[in-house]
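Data block below; observations after.
If you read the sequence from its start, that first residue is 1, and numbering goes on from there.
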Amino acid sequence: MSGEFAQLVVDEAIFHLVPTRKRNDPVPVQVEFSEAVCTLSEDVRGKIQANFRGVLAKHGRPVVEELEVKKSTLPDRVYEYLVEQRDLVSVSTDLAELLFDSQKGRGSSSAGLLLVASARLAGKRALLIVKLEQEGGFRAEDVLVDGKRTFDMSYVTNLLMTEHNKIYKVALFCVDGVPEDGPIEGWAADKQLSGKMAQFWLHAFLGCRQKEDPKRVTQEFHEAAVDWVDKRVEDPEKSVDYLMAVLVELRSNTATLDPTAFAADHLDLYDQDSFLAYLASKDVPTTIFDKDIERVAPRLSELQIGFASGISIVAPVKRVREDIKIDEHPNGTSTVTVRGKITSTRSHYSPRKLDAPHTDVQAPGVDSAG
C-alpha cells in the first residue's frame, strides 16, 4: 500500500442522496441534502479509513485541474475548503449539486450517495469525496439531530461495512496540492474501471485530467529500469535476470504496473531500495500506474549482452533463459555460451559507427581503364 494513503485519517463525514437525473422525468427529482455531519464511532471510522486507503492505493491516479477547458467548479470549492474559507457542510452541498448536474442525461448512472469527509493526509488538511452506488433497495434513513437532518448511525454502519453499497468512485485533495498560483492537484479512483475513470466523473464532475500520460510513464519506467541495471548491477548473470524481468513485466497482459511490487517480486532484498530510489531520482512513480507499451514495444522483444571488447550478442527474450548460459570468472570476465544451430553469418552494419574511410587505393589486379 502506498505510504501516502496509509496516513489518511477521516475526521467527519456528511452524506447527500443524489438521484439519477433523466431528461424525460415528469416530475424533476431533487438532491436530498443532509444539514449536519453524521456521528462516526471509532470502530466505523477505523474500518472506513482502511477501505478508503485500499481503494486509493490500488486504483488511485494523480489528477490535476483542467485549466484550458473549465468543465466544473469543483476545484474552486475544494480550494475554498482547504484554505478554510468555507466549512464542510456548505461545500458538500455544492458538490452534491455538481454531481447531480454532471449526471444529467446519463441513464447508466444509478442513484447513489455522495460522501464528503474532512480528512488529514500525513497530518495535513484534506478533503475526501466518495460516490457510492445504492443497491438492493437499501435506502437512506435520515434523522434530526438538534433540528438538522443527517443520517442515522445504524444506517452509516450498514452502508460502509456491508456489501449493500460499494465504494465506486473516490477523489482526495490535500492542502499540499493547492498552490498559490496554479492548478489544484490530487488523486482520483474509479473502482469500476480498474485504473481508468469514467469521463463524467473525471472531467464533468471533478474538472480534472490525469496528470500522468501512460505512454510517457511506461517509457520512462523502461528507460530508468534498464539504466539502473546497466549502471548499478555488477553481477552479469543477475543483470540479465533483472533485465529479463523488466521486459517480461512490460510485455505481460496486465493493464497496470506497480514498481514497488515489481521490486519485491523480482529483485534481491538489498537491491530493492536502490532500484526504487533510482526511479524516484528520474521522476518515475514508484506507485502503481497505468501501463501502455506503445512507445517501447519494439525494444521488448530482444535482449542485448555487450562485452568490453565491443562484441554484442542479441537474443530473442523468449530464448534467453533456455539457450544462453553465463559463467563468471574470478578476474571479472565472463564466458557466455550460446546453444543452438548456426544458420547464417553475415556482415553487420551499425548506424552508430562511421563507415570505413573511402580511399582511392586500387585492389591488386584490377584494370582501372575498364
Side-chain angles (χ1 to χ4, degrees), residues 215-254 256-289 291-356:
K215 293 185 179 68
R216 177 184 60 79
V217 177
T218 304
Q219 179 183 18
E220 291 175 349
F221 171 82
H222 172 264
E223 292 173 352
V226 171
D227 200 39
W228 175 79
V229 172
D230 184 50
K231 293 180 178 178
R232 303 294 173 84
V233 182
E234 297 181 357
D235 184 323
E237 188 167 4
K238 184 189 290 187
S239 68
V240 171
D241 288 341
Y242 285 178
L243 187 54
M244 281 285 296
V246 171
L247 301 182
V248 170
E249 182 75 21
L250 288 169
R251 284 161 55 95
S252 71
N253 293 327
T254 58
T256 60
L257 197 157
D258 185 342
T260 302
F262 169 83
D265 291 341
H266 299 288
L267 307 183
D268 289 344
L269 183 61
Y270 49 86
D271 286 330
Q272 293 173 20
D273 287 347
S274 170
F275 174 74
L276 295 174
Y278 194 82
L279 293 187
S281 73
K282 300 295 182 181
D283 294 324
V284 176
T286 56
T287 54
I288 191 169
F289 61 84
K291 184 176 71 175
D292 188 328
I293 65 170
E294 181 179 318
R295 295 184 181 178
V296 298
R299 307 178 190 178
L300 305 181
S301 58
E302 294 181 333
L303 181 144
Q304 178 174 318
I305 301 173
F307 293 81
S309 62
I311 295 173
S312 293
I313 297 173
V314 178
V317 168
K318 62 183 180 180
R319 301 303 308 173
V320 170
R321 297 193 189 279
E322 290 81 3
D323 296 339
I324 293 181
K325 178 182 177 184
I326 300 176
D327 294 309
E328 300 175 50
H329 305 301
N331 63 358
T333 63
S334 302
T335 298
V336 178
T337 304
V338 180
R339 181 180 61 188
K341 181 179 180 181
I342 297 176
T343 59
S344 66
T345 56
R346 65 188 69 185
S347 61
H348 178 69
Y349 167 74
S350 172
R352 294 172 295 175
K353 296 179 180 179
L354 296 175
D355 290 331

Shortest non-hydrogen pair, L257 vs K291, comes out as CD1-CD, 4.1 Å
Between Q219 and V296 the two heavy atoms that sit nearest each other are CA-CG1, 3.6 Å
Smallest separation among heavy atoms of A224 and L279, with atom names
CB-CD2, 3.7 Å
Run T254 and T256 through side chain to side chain donor-acceptor pair (under 3.5 Å) and show every step you take.
CA-CA 6 Å; T254 58; T256 60; 5.6 Å; no
Please round to the nearest 0.5 Å and tell me the distance separating atom NZ of K215 and atom CD of E294.
4.5 Å
Compare every heavy atom of P259 with every heavy atom of P285, then report the nearest pair and how far apart it is.
O-CG, 3.3 Å
Nearest 0.5 Å, what's the CZ-CZ distance between R295 and R216?
8.0 Å
Under 3.5 Å, is there a donor-acceptor pair between the side chain of T218 and the main chain of D292?
yes
Test: D271 and K238 ion pair at under 4.0 Å
yes
Point-to-point distance, once rounded to the nearest 0.5 Å, from CG of D227 to NZ of K282:
5.5 Å
Please report the shortest heavy-atom distance between D283 and E220, naming the atom on each side.
O-OE1, 4.3 Å
Mind checking the CZ-CD1 spacing from F221 to I293? Nearest 0.5 Å is all I need.
13.0 Å
Only counting residues at least two apart or in another chain, list the ones meeting ring-ring contact (aromatic ring centres under 6.0 Å, His included) with H266.
F262
Starting at CZ of F275, measure out to CG of D268 and round the result to the nearest 0.5 Å.
13.0 Å
Kindly indicate, with the supporting measurements, whether the criterion side-chain contact (heavy atoms from CB on, under 4.5 Å) is fulfilled by V284 and E223.
CA-CA 10 Å; V284 176; E223 292 173 352; over 6 Å; no
Between L243 and W228, does a side-chain contact (heavy atoms from CB on, under 4.5 Å) hold up when you go through it step by step?
CA-CA 10 Å; L243 187 54; W228 175 79; over 6 Å; no
Sorted by chain and residue number, the salt bridge (charged side-chain N to carboxylate O under 4.0 Å, His left out) partners of E249 (sequence neighbours excluded) come out as none
Minimal non-hydrogen separation, T286 against D258, with atom names
O-OD1, 3.9 Å
Quick one: pull up OH in Y278 and CG in L276 and give me the separation to the nearest 0.5 Å.
13.5 Å
